[in-house]
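All remarks here apply to the structure that follows.
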There are 2 protein chains.
Amino acid sequence: MAKKVTTELKPIEDVLTVWDVLTPDERQFVKNNFTIHHFKKNEIIHCEGEVPTHMMVLAAGKVKVYKEGVGSRTQIIRMLKPGENFGYRAIIASQTYNTNVAAFEASTVYMLKADIFLSILRNNNAFCYRFLEEIAADLGASDARTVNLTQKHIRGRLAEALLLLSKNYGLEEDGATINIYLSREDLANLSNMTTSNAIRTLSNFVNEHIIAMDGRKLKIIDEDRLIKISKMG
Amino acid sequence: MAKKVTTELKPIEDVLTVWDVLTPDERQFVKNNFTIHHFKKNEIIHCEGEVPTHMMVLAAGKVKVYKEGVGSRTQIIRMLKPGENFGYRAIIASQTYNTNVAAFEASTVYMLKADIFLSILRNNNAFCYRFLEEIAADLGASDARTVNLTQKHIRGRLAEALLLLSKNYGLEEDGATINIYLSREDLANLSNMTTSNAIRTLSNFVNEHIIAMDGRKLKIIDEDRLIKISKMG
DNA sequence: CTAAATTTGTGCTTTAAAACATTGTTGTCA
DNA sequence: TGACAACAATGTTTTAAAGCACAAATTTAG
């Protein structure tokens with residue numbers, strides 16, 4: 001991998017997508033109260049069952065939201081990129097976390113205490129509505145995902161995962177390599193299959209010239225084909 | 001089935017759970033503008049892909065929210081009882097419907113035009129927050145369901161569906177019979193399995209004295225066992 | 001830099017669930 | 001009331017995917 005350049009961290013007003021609807025007072029309030037946390041690769045940010053204490057925003061890095069299911073099988077629910085919010089659903093629903101979140105790579109998270117977050121939600125209608133919009137989109141995606149994961153066959157699920165990754169994290173300069181460094185196991189956990197099958201199916205895709213592999217770097221060669229496979233099931 | 005008594009319909013202030021946070025003006029506004037719609041058994045209320053026009057509340061009856069997946073296989077996402085809201089997620093997310101909704105039995109729906117719903121959402125913060133809470137709970141349930149449907153085995157999924165039905169629609173006077181009249185196919189679509197397997201697994205449960213069947217009426221005999229099966233996967 | 005540990009890649013076996021086929025049952029309505 | 005359609009039940013076959021075992025490659029750590 002290329003040597004990582006130490007990019008200075010974006011300030012909260014650039015990371016928090018709902019910044020624009022905050023009042024000057026609220027902006028100051030947030031600025032005075034948010035905290036910055038760094039997580040190493042594979043470090044866990046929060047666990048299922050814990051009481052939520054903060055609304056969080058990913059400032060830098062990549063994290064996975066996942067659930068441990070039957071027999072400690074893991075299902076990745078979604079993957080976040082900088083600027084995305086997390087950890088707030090449980091606060092709003094007055095529940096404990098129902099997912100785990102862990103860093104894929106070294107990540108920085110801005111955290112705002114739950115009570116502060118709630119007080120803004122309850123006082124600023126535009127702020128509240130933004131989160132409503134966000135969570136409404138998430139719910140649609142979650143329901144769609146349920147059907148995709150339950151009904152599609154292995155090839156369809158893997159194709160879907162690859163497309164999702166390229167859409168979410170984008171491509172490198174070559175315009176083909178997916179901009180994320182994932183283990184086969186994570187890819188399997190994302191696609192609801194065993195690691196063996198993820199590896200096997202990736203190999204098949206390579207043989208069929210749909211993708212190319214260089215270790216963990218995956219290059220999409222024939223996106224149309226991938227879309228077709230994903231749609232067929 | 002017992003002859004249905006023609007119960008007069010509950011008024012909107014009793015059906016709409018968010019009524020309490022409306023201002024007097026908003027209450028009048030809603031009263032003047034909502035419409036009442038009756039749907040026959042199996043009638044479709046809205047379809048995937050359509051532009052959402054109304055926020056809806058189930059006033060009476062039972063409806064299913066479902067998605068048509070690969071090869072027109074159906075997955076029931078959730079089932080609603082009177083007092084539950086639906087059809088509003090797509091409005092908020094500015095999307096078309098991503099689910100179908102159909103009546104299980106003769107049902108009555110109160111509808112409020114999308115623009116009216118949105119205007120209240122944008123003016124009444126408590127109203128907005130209530131929907132945020134509701135959708136936050138739904139998202140948690142959806143993610144949990146994804147894992148249950150993908151990771152549990154047939155017996156676990158069916159056990160889970162039976163428990164969910166009894167929790168959602170309650171039991172009849174005998175304290176055991178689940179208060180809903182479902183075809184085997186619907187039960188299969190709820191549990192992500194084929195109709196044959198739903199029938200087979202139900203039979204097994206009967207043989208193991210976990211449930212009893214009388215046609216479509218299902219009676220839970222050994223709930224602890226059912227819970228155990230559901231948890232084991 | 002080497003040794004250990006983890007990850008990746010493949011072949012083979014087993015198994016859960018789908019698909020299919022057939023028969024029995026119930027229910028509806030002409 | 002009888003005939004047809006829809007639904008339910010059950011046995012058999014097929015298949016997709018999991019499980020397992022092991023070798024090779026890569027990463028990590030001492």
Side-chain angles (χ1 to χ4, degrees), chain A residues 1-3 40-43 69-75 104-106 147-161 180-208 211-218 229 232-233, chain B residues 1 40-42 69-75 104-105 147-161 180-208 211-218 229 232-233:
Chain A
M1 243 193 319
K3 194 145 212 162
K40 282 174 282 196
K41 187 176 169 152
N42 293 324
E43 200 174 345
V70 184
S72 79
R73 234 176 91 188
T74 298
Q75 177 66 55
F104 267 127
E105 52 184 57
V147 175
N148 285 333
L149 289 178
T150 54
Q151 297 193 355
K152 287 180 183 172
H153 285 179
I154 279 209
R155 285 168 62 89
R157 298 202 300 274
L158 186 66
E160 202 206 352
I180 188 172
Y181 191 75
L182 269 188
S183 70
R184 301 290 190 259
E185 191 183 357
D186 278 324
L187 198 55
N189 291 342
L190 186 63
S191 320
N192 182 34
M193 64 185 66
T194 56
T195 307
S196 303
N197 276 329
I199 292 168
R200 214 188 307 273
T201 311
L202 277 180
S203 295
N204 292 341
F205 283 177
V206 171
N207 290 336
E208 297 167 45
I211 63 168
M213 296 197 289
D214 177 17
R216 291 191 177 182
K217 281 290 172 187
L218 302 175
I229 292 170
M232 283 196 326
Chain B
M1 246 197 313
K40 284 176 280 197
K41 188 178 166 148
N42 294 323
V70 184
S72 80
R73 236 176 92 188
T74 298
Q75 177 66 54
F104 267 127
E105 52 184 58
V147 176
N148 286 331
L149 289 178
T150 53
Q151 297 194 354
K152 286 181 185 172
H153 284 179
I154 279 210
R155 287 168 61 89
R157 298 202 301 272
L158 187 65
E160 201 205 354
I180 189 171
Y181 191 74
L182 268 189
S183 70
R184 301 290 190 262
E185 191 183 357
D186 277 325
L187 198 55
N189 290 341
L190 187 62
S191 320
N192 183 34
M193 62 186 67
T194 56
T195 307
S196 301
N197 276 330
I199 291 167
R200 213 187 306 271
T201 311
L202 276 181
S203 296
N204 292 341
F205 283 178
V206 171
N207 291 337
E208 297 167 44
I211 64 168
M213 296 196 290
D214 177 18
R216 291 191 178 184
K217 280 292 171 185
L218 302 175
I229 291 170
M232 282 195 329

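These figures come from a predicted structure and were not determined experimentally. Labels below follow one simple rule: chain letters A, B, ... track the order of the sequence lines, proteins then strands, and each chain is numbered from 1.
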For [X] against [Y], the heavy-atom pair lying closest together:
| X | Y | answer |
| --- | --- | --- |
| K40(A) | E43(A) | N-OE1, 2.6 Å |
| K152(B) | V70(A) | CG-CG2, 3.7 Å |
| K41(B) | F104(B) | CG-O, 3.2 Å |

d([atom1], [X]; [atom2], [N]) in whole Å:
| X | N | atom1 | atom2 | result |
| --- | --- | --- | --- | --- |
| M232(A) | dA16(D) | CE | P | 12 Å |
| Q151(B) | dG19(D) | CD | P | 11 Å |
| L187(A) | dT7(C) | CG | P | 14 Å |
| E185(A) | dA18(D) | CD | P | 14 Å |
| D214(A) | dT8(C) | CG | C1' | 14 Å |
| N42(B) | dA5(D) | CG | C1' | 15 Å |

- Task: Mind grabbing the angle between the end helix axes of the helix from dC1(C)-dG30(D) to dA30(C)-dT1(D)? Five pairs an end, 10° rounding.
- Result: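 The angle, to the nearest 10 degrees, is 40°.
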- Message: Going by the rule salt bridge (Lys or Arg N to Asp or Glu O under 4.0 Å), which residues pair with R184(B) if we only count those two or more places apart in sequence or in a different chain?
- Response: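 With sequence neighbours excluded, R184(B) shows a salt bridge (Lys or Arg N to Asp or Glu O under 4.0 Å) to no residue whatsoever.
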- Does the T150(A) side chain pair with the main chain of V147(A), one donor and one acceptor, at a distance under 3.5 Å?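 Present.
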So which protein N/O to nucleotides 28-30 of chain C N/O distances come out below 3.5 Å?
none

- Footprint string (nucleotides 9-22 of chain C, 5' to 3'): B base within contact, S backbone only, - free, heavy atoms under 4.0 Å: BSBB---SSBBB--
- Given protein heavy atoms under 4.0 Å, the one-letter contact record of nucleotides 24-30 of chain D, with B base, S sugar-phosphate only and - none, is simply ---S---
Once you round to the nearest 0.5 Å, how far does [atom1] of [X] lie from [atom2] of [Y]?
| X | Y | atom1 | atom2 | answer |
| --- | --- | --- | --- | --- |
| T195(A) | R200(A) | OG1 | CZ | 11.0 Å |
| K217(A) | I211(A) | NZ | CD1 | 13.5 Å |
| I199(B) | M213(B) | CD1 | CE | 9.0 Å |
| R73(A) | N192(A) | CZ | CG | 5.0 Å |
| I229(B) | R157(B) | CD1 | CZ | 14.0 Å |
| Q151(A) | S72(B) | CD | OG | 9.0 Å |

- Query: Who pairs with N189(B) by side-chain hydrogen bond (donor to acceptor under 3.5 Å, both in side chains), at least two apart in sequence or on another chain?
  - Reply: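 Listed in chain order: nothing, the list is empty.
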- Query: Within a strict 4.5 Å, meaning less than it, do heavy atoms of the L158(B) and L187(B) side chains meet?
  - Reply: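 Of all side-chain heavy-atom pairs linking L187(B) with L158(B), at least one is under 4.5 Å.
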